[in-house]
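As the structure is a prediction and not an experimental result, all values here were calculated from the model. Letters A, B, ... are given to chains in the order of the sequence lines, protein chains preceding strands, and every chain is numbered from 1. The figures that follow rest on heavy atoms only: side chains count, while hydrogens, waters and symmetry mates do not.
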Amino acid sequence: MEPLLDISGLDARYGQAQILRGISLSVGRGEVLALMGRNGAGKSTTMKAVMGLVPPSGGTIRFDGRRIDGREAFEIARLGIGYVPEDRRVFSELTVMENLSVGQRPPRQGAPHWTPERLFALFPNLAAMRDRPGGAMSGGEQQMLTIARTLMGNPRLLLLDEPSEGLAPVIVQAMARTILALKGEGLSILLSEQNLHFAGSVADRAAIIEKGEIRFDGTMAALKADAALRAQYLSV
Amino acid sequence: MLDLILTQMLNGMASASSLFLVASGLSIIFGVTRIVNFAHGSLYMLGAYLAVTLVGAFGPASPLGFWGGILLAAFLVGLIGIVIEVVILRRIYQAPELFQLLATFGVVLMVQDIALAVWGPEDRLGPRAPGFKSFVMILDSRFPSYELFLIAVGPLVLGLLWFLFRRTRWGTLVRAATQDREMVGALGVDQRLLFTSVFGFGAALAGLGGALQLPREAVTLHMDLSTIAEVFVVVVVGGLGSVGGAYLAAVLIGVLHAFGILIFPKITLVLVFLVMAVVLIVKPYGLMGRKPAATLPGAAGIEPLLTPATPGAKLAGLAALLLLAAAPLAVSDAWLLTLTELVIFALFAASLHVMMGPGGMASFGHAAYFGLGAYGAALAVKWLGAPMEPALLLAPFLAGIAGIVFGWFCVRLSGVYMAMLTLAFAQIAWATAFQWVELTGGDNGILGVWPSAWAVPKAVFFYLTLAICAASVLLLRRLVFSPLGYALRAGRDSPLRAEAIGIDVMRVQWAAFAIAAFAAGIAGALFAFSKGSVFPTYLAIPRSVDALLMVLLGGVQTVSGPVVGAFAYIGLSEQLVKLTPYWRFTLGLAIVLLVSLFPRGLVGGFLAWRDRRDAGDPAR
Amino acid sequence: MSGIEPVLSVRELAKSFGGVRAVQGVSFDVAAGEMLALIGPNGAGKSTCFNMLGGQLAPDSGAVTLLGRSIAGAKPREIWRRGVGRTFQITATFASMSVRENVQMALISQAGGAWNPLAPARARHVAAAEALLAQVGMLEQAGRACGILAYGDLKRVELAIALANGPRLLLMDEPTAGMAPQERIALMALVARIAKAEAIAVLFTEHDMDVVFAHADRVLVLDRGRLIADGPPHAVRNDAGVRAVYLGTDDGAEGA
């Protein structure tokens, strides 16, 4: 069966600097793939390129068999890809409910259908603050809201950019449970991560990116077993 | 006395409503698209003109004809706004701020000539509103009921906007896009549709504002710029992006105007000025505004290294100067007059360049200082009976002092805020020259500003001009390469770093602002004597745009650019004025085309092309 | 260190943003020649702390004393004149000037000559600027524009600028962010060498624990606006509280 997301030979550049060099990756249906690497290795740029926020300068990106490279972000979102940026970017002046309503899209075949009530069941903290402005929430709550907002679009594939970044360990554990719950709903997930411990607890497969190139692509178990590989690329 | 105060209060609040409609439209558009629409005053004017025609056609006597005409005019202006957004603005959302402002200014020029062609140069009077012809007695004074209606319109629209933004999905999306438009797109919202609808809506608000003024005041071709200047003041005082702030500021400015006219007609503008000063000192981003997100990089992104002229370039400059010096031997007096003007404009452009290039401060009102230099000379001649020499010496100080006063406000702001404020000040200066008839002769100007006898021959005056302008340009050039010029550039490149190495960025910018104003004043004073007269048009907005275009044409990044640009631009526009009476339209169209074809500017376009070429080169 | 007056002394520093306490009750000293690292999770208040010391933010309360005189609430340019050099998380240099001119600008300002409107700036303080650039290893690139430099090189230029006022205190916010691992170690070794040689107190924030544990003389740990640890690196590394909120208790990779 063909993968849900299939990236092949992806290049991207900012001005003169080439950030991605021939990235090839795929995410299978119902699979969680962790894209690992240091700050500045190209993780976020890969996510943004898939989402149409950074124009690829070469290569192809297919989603469910359809070419999506070169399309605009809103079209890609409508096809069923949800993007959760690393810096959260909740609409700080909008309430929790309003934040959710911005992300709302019609139900989609082959994807779980989300309503605010279902999301509040998944993120109980949010239920108590429906009318609170996004700006008046803690970092962990904002991270939950960003994910919930994206889920309102009923995506088939979720792009999570460094979901554990800067969160207290307790929240990170809750985040891992959430991701596993989403996987249980049948969602496919591509997440970028520096924290191997966290990635290891949620991902089926891992890929390592360094200086814009893929250096490893295999199962999470294989990465955990290879101390030399981790020492070389993950500086943990 | 009490009744008078009340009447004036109500008067002020009535005019505040229209001001609020235009300002809120401008604010909403800016919030989402990050473009300050200079053409918003033009949309207001179009609303008024369209209403004159439509109400006339539908029958002004019947309520249906009148109100139908007003509403249809607002609707049509909304449609015009949509056309402007789709045809022009959509192409330039990625362009530098300055180019966006310039493009909307191109629209201002085009609309002026379209209005002139369609409705003619005479002022048009609208009919009274049916059902609102009576007066209401308030504390023994008669107060027109239409004014009361207008007073109600402001809060009504404010409430409507509140409902729209808080209770509809469209409003939620607009608010979300105001904060982070990229994220809104990534959540599946078609930004293009959102932007177009927002622009159409904001335009319709401006159109409604104009149409509602119909029973109150005459519709004129001046409405666009006088309105936009007032709206800019309202928006700066209220806080860009805040609809509530816009209402508050509109009422404040409206009432202030009404009282000012009552108590001290000549000092109205000063009052507005003082209020703005207080607000900006206490709340630099307006009554209800917030610190804007980091402003976009300057006209062309990263500026190249600035290096002193090579010996070759110096030689070329010297040759050009010698060529100019030899001109009187070769050309006729008429040509010499044109050359004199060219030299003056080269200084004018160079003075703006110091602000815009090294200073990174875009001014849409630099003509104010040129004009004040000219008026300074003319007033010295007319009222002090001064001969040319002391008049030439004194005049730039008038411009310089204005630069010190206006600059104090302007350097507190940056980017589009600053551009708006410079335009507002220029409009204030223009209005003073236009309205203070006893001093300035108003529209008739001041005549008989001739050089001293020895300088009357065209060749002598040309040499005098050339000597003063060349020396001034060279001094400005020296300034750019001096420690002060470096400090100025440091403040532009990275205010954070500049402050962290002990540079008082605001004071350095203030100094540059004043120096640029002084130099523009020198150019203006020479211009007055070369023409023999001064008129309010010398400090009008189109002249400011002339200066901007000269600088941009020559290139913001180079020191010699503005001089070259001045020669190219004045040469071209003189021909244009001779060719067609609709030169404003042609010029506006040229600006719009230039900006939409080269949204990154000529130099930026070239750099982007080079990047693409290098990227495609497999050898790299 | 007792007995010697610290270069920088911070007492009970606090700052709130709209009711959220970003920094509260933070107190510490930095001695001359000492490398003091400030670490903690994102949002712990490190940048807020830094911006209060550098003058970019005014503290709500608390005392900041530099060489015995208060600098709390002073403007960045005043703090520079008092002998503080600063580098930023995202490098801040003058992109349209050459590397040399960037340092010259700092030297001109330091000498009080920034208001001169006529003399050519390029001829000022050339030797001093080049000496500073030689110190950070950027002399070969002195003529290049800062706008086109590699990120690691920009960090060095920033260091040279920060040294131009002969500082007693260096504030470095994430000095090695965005650099390659070898570059990080080299840059911080350079900073440590200069700090020791010229008795400069250095306060830096850092995410890379390798850099922290290799170069810091002392480590402060900030969490949710409060200092939760202050001590030598090895002690902080084994502190249970610090491991719980920041370093982690069970790092699967490290244990393997």
Among [options], single out the residue with the greatest number of heavy-atom pairs under 4.5 Å to chain C.
options                        : value
B:L479, B:L475, B:V505, B:L488 : B:L479
B:P495, B:A511, B:A500, B:G502 : B:G502
B:S494, B:G491, B:G485         : B:S494

* Asked: Pick one: which of B:L548, B:L352, B:V551 meets side-chain contact (heavy atoms from CB on, under 4.5 Å) with B:S363?
  -> B:L352
Per-residue contact mode, [X] against chain B (heavy atom under 4.5 angstrom):
X      : result
C:Q104 : neither
C:I108 : side chain
C:N116 : both

* Any luck finding a side-chain donor-acceptor pair between C:E198 and C:Q135 under 3.5 Å? ->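 Indeed, the side chains of C:E198 and C:Q135 share at least one donor-acceptor pair under 3.5 Å.
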* Asked: Just checking, is any N or O donor in the side chain of C:T93 or C:E158 under 3.5 Å from an acceptor N or O on the other one?
  -> no
* Asked: Is there a donor-acceptor pair under 3.5 Å between the side chain of B:D493 and the backbone N or O of C:A95?
  -> yes
Greatest number of heavy atom pairs closer than 4.5 Å to chain B - which of [options]:
options                       : result
C:A123, C:A106, C:A114, C:S98 : C:A114
C:A92, C:G112, C:C146         : C:A92
C:R124, C:Q56, C:K75, C:E101  : C:E101
C:P117, C:A162, C:P76, C:G55  : C:P117

* Can we say C:D173 and C:R86 salt-bridge, meaning some charged N sits less than 4.0 Å from an Asp/Glu carboxylate O? -> yes
* List the atom of C:T87, the atom of B:R497, and the distance in Å for their closest heavy-atom pair. => CA-NH2, 3.8 Å
* Asked: Is the gap between the ring centers of C:H215 and C:F204 under 6.0 Å?
  ->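 No, too far apart.
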